[in-house]
Amino acid sequence: MKISKTEVEKLAKLAKLSFSDEELERFTAEFDEIIAFADTINQSIEGGTEQIRSVGARMVSFDDLRPDEVVPSLPNEKILSNVEGYNGFFGLERSKK
Amino acid sequence: MRTGISELAKRLQSREISAMELTKAYIGAIEKLNPTINAYVYLTFDTAMKAAEKADQRLKEGGAPLLCGIPMALKDNICTDGLNTTCCSKILKGFKPYYDATVWEKLKAHGAVLLGKTNMDEFAMGSTSETSCYGAPLNPRNTNYVTGGSSGGSAAAVCANLAVYSLGSDTGGSIRQPASFCGVVGLKPTYGAVSRYGLIAYGSSLDQIGPMTNSVKDAAIVFDAIKGGDRRDQTSVDYDYGSSLAECLDRDVKGMRIGVAEEFFDGINPEIKSKIEEAIKLFERNGAVIENIRLPALKLALPVYYIIACAEASSNLGRYDGIRYGYRTSSYTSIEDMIVKTRSEGFGDEVKRRIMLGTYVLSSGYYDAYYKKACLIREEINREFDAVFEKCDVLVAPTAPNTAFPLNYKGAGPVEMYLSDICTVPVNIAGVPAISVPCGEDSNGLPVGMQIIGKKFDEATVLQAAHFYEQSAGEVIGVYEGGARI
Amino acid sequence: MNYEIVCGIETHIELATKTKIFCGCTTEFGGEPNTHCCPVCTGQPGSLPILNQKVVEYAIKAGLALNCKINTKSHMDRKNYVYPDLPKAYQISQYDEPLCEKGYIELDSGKRIGITRIHIEEDAGKLVHENGYTYIDYNRSGVPLIEIVSEPDISSAEEAREYAEKLQLIMRYIGISDCKMQEGSMRCDVNLSLRKPGDSRFGVRTEIKNINSLSFIQKAVMAEAERQADILDAGGTVVQQTMRYDEATNSVSPMRDKENSDDYRYFPDPDILRFSINDEKVEEIRASLPELPFDKLKRYVNVLGLPEATARQIFRYRKVAEFFEGALAEGASVKNAANLIVGTIFSNMDTEEEKELFDIRISAAQFAALVKLADEKKINIGVAQSTLQKMLESGKPVEEFIKPEDLAGISDEELESLCKEAIDANPKAVADVRSGKDKAINVMFGYIMKKTGGKADIRKAEVLLRKLIGQ
C-alpha cells in the first residue's frame with residue numbers, strides 16, 4: 001500500500017471533499033493504484049535540481065506586460081447574474097437547514 | 001464525402017440555399033437524432049435562427065466570410081455569453097457566463113450559427129464522455145460504442161451531421177481520440193495558437209481548443225478563423241502563419257520527411273497498427289522519406305501528463321465552492337461545510353479522483369518526487385521532440401491504441417483507462433500540433449484514426465500531409481448516412 | 001527582562017496603480033459593492049490573468065529604495081487555499097522567485113534591519129458578517145500588493161516601530177503607496193520569539209497578524225514579549241501560533257484558525273509566463289526614484305545647515321520637501337523658508353494627512369517671492385508671517401498685500417524724522433530708557449512700526465533711537 005485511509009482523508013480535507021466510509025474504502029484502493037502509476041516516473045531518469053518554470057521556457061519581457069490602463073468594470077447585475085445577490089453583495093447564510 | 005464548408009459557402013453565397021434553410025435542416029436532424037445520440041446537452045435553436053437571419057442579410061450584401069451562415073456546435077466548456085456552459089458537471093448546472101470565449105467571439109464575427117453546446121466528459125476528464133452528468137453521447141457509427149472523449153459530443157455531432165463543424169478542446173487527446181473513434185478529423189493546434197480565454201480550464205499548460213470536422217480542408221478553414229494571439233490570454237501567440245492555411249493545402253509529400261517512432265506502436269491493437277503502416281506505405285510510395293526515430297522518454301509521458309494535468313486541475317477546480325455560481329448544497333452547518341458538501345455532491349468520481357491526485361502531487365513532502373519531477377521529465381520530452389523535428393517534418397502515429405470502447409466498459413479500473421491516452425498525451429506535453437484523420441476501419445467496422453504530429457506552429461505541414469493522405473487514400477471509412485440533408 | 005527579542009516583520013502594502021494586478025478594473029477605494037469587478041477578479045470560469053506592468057515597476061522601485069538585489073527573472077506562483085474572499089481558491093503570489101531580495105533599512109542608530117525579500121501578489125475580497133449571513137464584496141479582490149519580509153534582526157519594540165515607520169516613509173516617498181495603516185493599505189504581521197542573550201538558537205515564535213498602526217506595533221511587540229517571558233519564566237514553552245493584538249486591552253491572544261492547514265501547494269501559475277527585466281530597465285527605474293528621505297534629511301542638516309529638528313519636520317513629507325526645495329531654487333534662503341513652512345504653513349495643518357497631501361493655494365515661486373522680501377530685510381519676519389497667512393487664505397501673490405511703493409517707502413531721512421517723532425511723543429519711555437529700563441525702547445519701536453505699517457527696518461531704527469536719546 002502506497003497510501004493509507006488516513007492520508008486520503010487528509011488530502012480530502014485539503015481538497016475540500018468528503019467521502020462516506022464506503023466511498024473512502026473504494027477510493028483509497030483506487031487511489032493506491034493511481035499513485036503507483038504516477039510513481040512510474042520515479043523508476044527512471046534522474047531529475048536535476050534545475051528550477052521549474054511556468055509554461056516551459058517561454059518568457060516575456062517587461063515591455064510585453066499589460067499597461068496600467070483602466071478598462072470599465074462590468075455592471076453589478078452581470079457580476080451577480082449567476083447567484084442570488086444581496087444588495088449588490090455576494091452572500092449566503094452561514095448555516096442552513 | 002460530405003459537402004464541405006467551402007462548397008456550402010458557395011451555395012450560400014450564390015443564394016442557392018439560405019442560412020435559415022440550412023439551419024432548419026440541422027435543427028430538424030438534431031430533433032430527430034439527438035434524443036438517441038445525445039451529442040448536444042443544450043440547444044440554442046432560437047439564437048441559431050436569429051444568427052442565420054443575420055447571416056442571410058450579410059450573404060445578400062456579398063463579401064461574407066466562408067463560415068458565414070454555417071451551422072456549428074461548441075463543446076460545453078467554451079463560454080458563451082448568456083448561454084449555458086456547464087462542462088457537463090452538476091457543479092456548474094445552469095451556469096450562464098456573461099462573457100464570450102475568444103474563439104466564439106471570433107466565430108460570431110464570421111457569422112457562425114451556433115446550434116448548441118455539446119456533450120463531454122465532466123470538466124474534460126475522461127476518454128469516453130461517459131463522465132458527463134447528462135449521460136454519455138453514443139457513437140453514431142454504432143450506438144453500442146462510446147464516442148471517445150472528452151470532446152465526444154463534438155465528434156458525434158459532426159459524425160452524425162448534426163453540425164457542419166464543431167470545436168472541441170484537447171488536454172491529453174480530447175479532440176483527436178474522439179475524432180478517431182467517430183471517424184472524423186480533429187486538429188489540436190500548437191499550444192498558444194488559439195486563445196484559451198473563455199475555455200473553462202482543466203490543465204492550463206496543456207489545454208488547447210481546436211476544430212472537429214469532416215475533412216482536413218474544413219479543419220484548416222475553421223483553424224484559420226479561430227487562431228491568433230489574444231491580449232486576454234498571455235500564453236497565446238500572435239504567430240504569423242503567412243496566409244490562409246486552407247488555401248495552401250495542395251502539396252504533395254515528395255521529399256517530406258516522415259518520422260516513425262516505435263514507442264508510439266508499443267502495445268497498439270494489431271489491426272490499428274497495420275492500418276497506420278498502410279498509410280505510411282502510401283506516403284512512402286508518393287515520395288515521402290520515412291525516418292525511423294526514437295523517443296525514449298515517451299514511456300514516461302503518461303504519468304507525467306496525469307501528474308501535471310491533475311495538479312493544475314486541482315487548483316483550477318478549487319473555485320467551484322457554491323458561492324459565486326453553479327450548484328450549492330441545500331443544507332449545511334457552516335460555510336466550510338457548505339463548500340465541502342457542494343463540491344462532494346457537485347463533482348463526479350473521476351473529477352474527484354483527479355483533484356485528489358493533483359492535491360497529492362503538490363502537497364508538501366510529495367512535490368519534489370511527483371510534480372517537480374514530472375516538470376523536469378516534461379522538459380526532457382520537449383528536448384526529444386525538438387531533436388526529432390531536426391530530422392523530420394512530421395511524425396506519424398496511431399491516434400489511440402484501440403478503437404471505440406463498448407459503452408460502460410470498465411476494464412480493470414481508472415488506470416487502464418488512463419493508459420489508452422498513451423499516443424495523444426505526448427503531443428500536449430510538448431505543446432506541438434497534431435491532427436487525427438480517419439485511416440480505415442477495424443473488423444467491427446469502427447473507425448481507426450491516424451495521428452500526424454508537427455513542429456510548433458507548423459500546422460501548415462501537418463494539414464498538408466493529412467490532406468494529401470485524405471485525397472490519396474480515398475474512402476477509407478463508410479460515410480454516416482443520416483443527419484441533416486441539404 | 002532576561003531575554004533577547006528576536007523579531008521580524010512582514011508588511012503588506014497596497015500599490016497605488018490605477019488598475020488591478022491581473023485585470024483592467026480600477027483599484028479606487030470604496031465604491032458600491034462588486035462594481036469594480038470583472039470575470040478575472042471574481043474568478044469566473046474561463047477567465048485568465050494578465051499581469052500589470054506597473055505592479056512590477058512599483059515593486060522594483062520598492063526594492064531599489066530598500067537596497068535590494070533585483071531578480072531579472074521572475075515568475076508568479078499559485079498559493080492554494082479555499083476561503084470565500086478568495087474567488088479562484090488560490091492567490092497568485094510569488095514563492096521561489098520573488099522580484100527583489102536581500103536589502104536593508106538603516107535605523108537611526110546605524111543598525112541595519114535586513115530585508116529578506118519583496119514579492120508581488122493580489123489582495124482578497126472583503127467579507128461582512130451580519131445577522132447570520134456572510135456578504136462578499138470583491139472590489140478589493142485583485143488589488144496589487146507587495147509583501148516585504150524583514151530578517152529577524154529587530155530586537156526591541158522601539159526598533160520594530162522605527163523599522164515600520166521608516167518603511168512607511170520610504171514607500172510614500174517613492175510614490176508607490178499611500179501606506180495608510182488605518183485604511184489597510186499598509187498592514188504588518190510581526191513574528192516574535194525570545195532567547196537567552198548569547199544563545200544562538202531561536203526560540204519558538206508566534207505571529208501577530210494585521211497590526212494597523214505604528215504605535216500598536218510597538219505595544220504589540222512589548223505585550224507579546226512580556227507574555228512569552230512570563231511563560232518561559234514559569235518554565236513553560238511557547239506554542240507556535242497565530243496571534244491577534246487587541247488595542248483596547250493592550251494584550252495579545254491566539255486567533256481562531258480560519259485555515260487549519262497551511263499546506264498551500266505552491267506551484268508556478270501556468271497562465272502567466274515567466275518574465276524578465278533587463279538591467280537597462282532596472283537602471284531606468286532607479287533613475288526615476290526621487291532622492292530618498294533619509295538621504296534628504298542628511299543633506300538638509302549637513303549641507304543646508306538646517307537644525308535637525310526643523311529638517312525632520314520638512315523631509316518627512318515629500319510634497320513639503322519639494323515645495324521647500326522649489327522655493328530654494330527660486331532664491332529663497334534656507335532658514336527663512338524652513339521657518340515659514342514649519343511656523344506658518346504647518347499651523348494651518350492639523351493632521352499628518354494634511355501635511356502629506358500639502359494642498360496649498362500658492363506655488364513655491366510665490367512663496368519664494370515673499371521669503372526673499374524677508375531675506376532682504378524689506379519686511380520683517382512678523383510681516384512675512386502675516387502676509388504668508390493672507391496669501392495662503394486667498395491664494396493671491398505677495399504683490400497683492402505688499403505694494404512696491406510700500407517697500408521703497410522709508411528712506412533713512414524719513415526714518416530719522418520718525419525716530420524723533422517717537423521720542424517727542426513718548427517722554428516717559430525715553431526717561432525710562434535713560435534710567436536703565438532698556439525694555440522701554442519697545443514703546444518707541446511700536447510707535448514707528450505702527451506709523452510705517454511694519455515696514456521700517458527695526459535694527460536701523462534702534463541705532464538711530466539710541467543715538468538720539470544719547471545712549
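We use all heavy atoms of the structure for the numbers below, so side chains are in, but hydrogens, waters and symmetry mates are not. Every chain is numbered from 1, with letters handed out A, B, ... down the list of sequences.
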Under 4.5 Å, counting heavy-atom pairs only, tell me which of [options] racks up the most with chain C.
options	value
B:L317, B:N316, B:L206, B:D207	B:N316
B:G365, B:C87, B:S314, B:G198	B:G198
B:R324, B:R232, B:E312	B:R324
B:S315, B:S364, B:A311, B:S204	B:S315

Heavy-atom cut-off 4.5 Å, strictly under: side chain, backbone, both or neither for [X] against chain C?
X	value
B:Y320	side chain
B:I335	side chain
B:Y197	both
B:T85	neither
B:R231	backbone

Select, from C:P45, C:C23, C:P87, the one with the greatest count of heavy-atom pairs under 4.5 Å involving chain B.
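Top option by heavy-atom pairs under 4.5 Å: C:P45.
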Mind ranking C:A89, C:G43, C:S47, C:G46 by heavy-atom pairs under 4.5 Å with chain B and telling me who comes out on top?
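Heavy-atom pair counts peak at C:G46.
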Is [X] close to chain B through its backbone or its side chain, or both, or neither, when contacts mean heavy atoms under 4.5 Å?
X	result
C:I136	side chain
C:C38	backbone
C:Y138	side chain

Check this for me: does any side-chain nitrogen of one of C:R117 and C:E147 sit under 4.0 Å from a carboxylate oxygen of the other?
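Not counted as a salt bridge, because no side-chain N and carboxylate O are separated by less than 4.0 Å.
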Is it true that B:R378 and B:E380 have a side-chain N and a carboxylate O under 4.0 angstrom from each other?
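Salt bridge: no.
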Can the positive tip of C:K79 be found less than 6.0 Å from the middle of the six-membered ring of C:Y264, inside 45° of the ring normal?
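Yes, cation above the ring, under 6.0 Å and within 45°.
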Side chains of C:H12 and C:E121: do they bring a donor and an acceptor to under 3.5 Å?
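Note: C:H12 and C:E121 side chains meet the donor-acceptor criterion.
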Side chain to side chain contact (heavy atoms under 4.5 Å, CB included) evaluation trace for C:F267 with B:Y367:
CA-CA 9 Å; C:F267 74 105; B:Y367 181 90; 4.1 Å; yes
Under 6.0 Å between the ring centres of B:F123 and B:Y202?
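That pair fails the under 6.0 Å test.
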Assert yes or no for the condition that the ring centre distance of C:Y90 to C:Y81 is strictly below 6.0 Å.
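No, too far apart.
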Value rounded to 0.5 Å, distance of CE in B:M125 from CD1 in B:I355
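Interatomic distance, B:M125 CE to B:I355 CD1, rounded to 0.5 Å: 6.0 Å.
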Criterion side-chain contact (heavy atoms from CB on, under 4.5 Å) against B:M120, the qualifying member of B:V41, B:T131, B:N77, B:T86
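Filter result, single survivor: B:N77.
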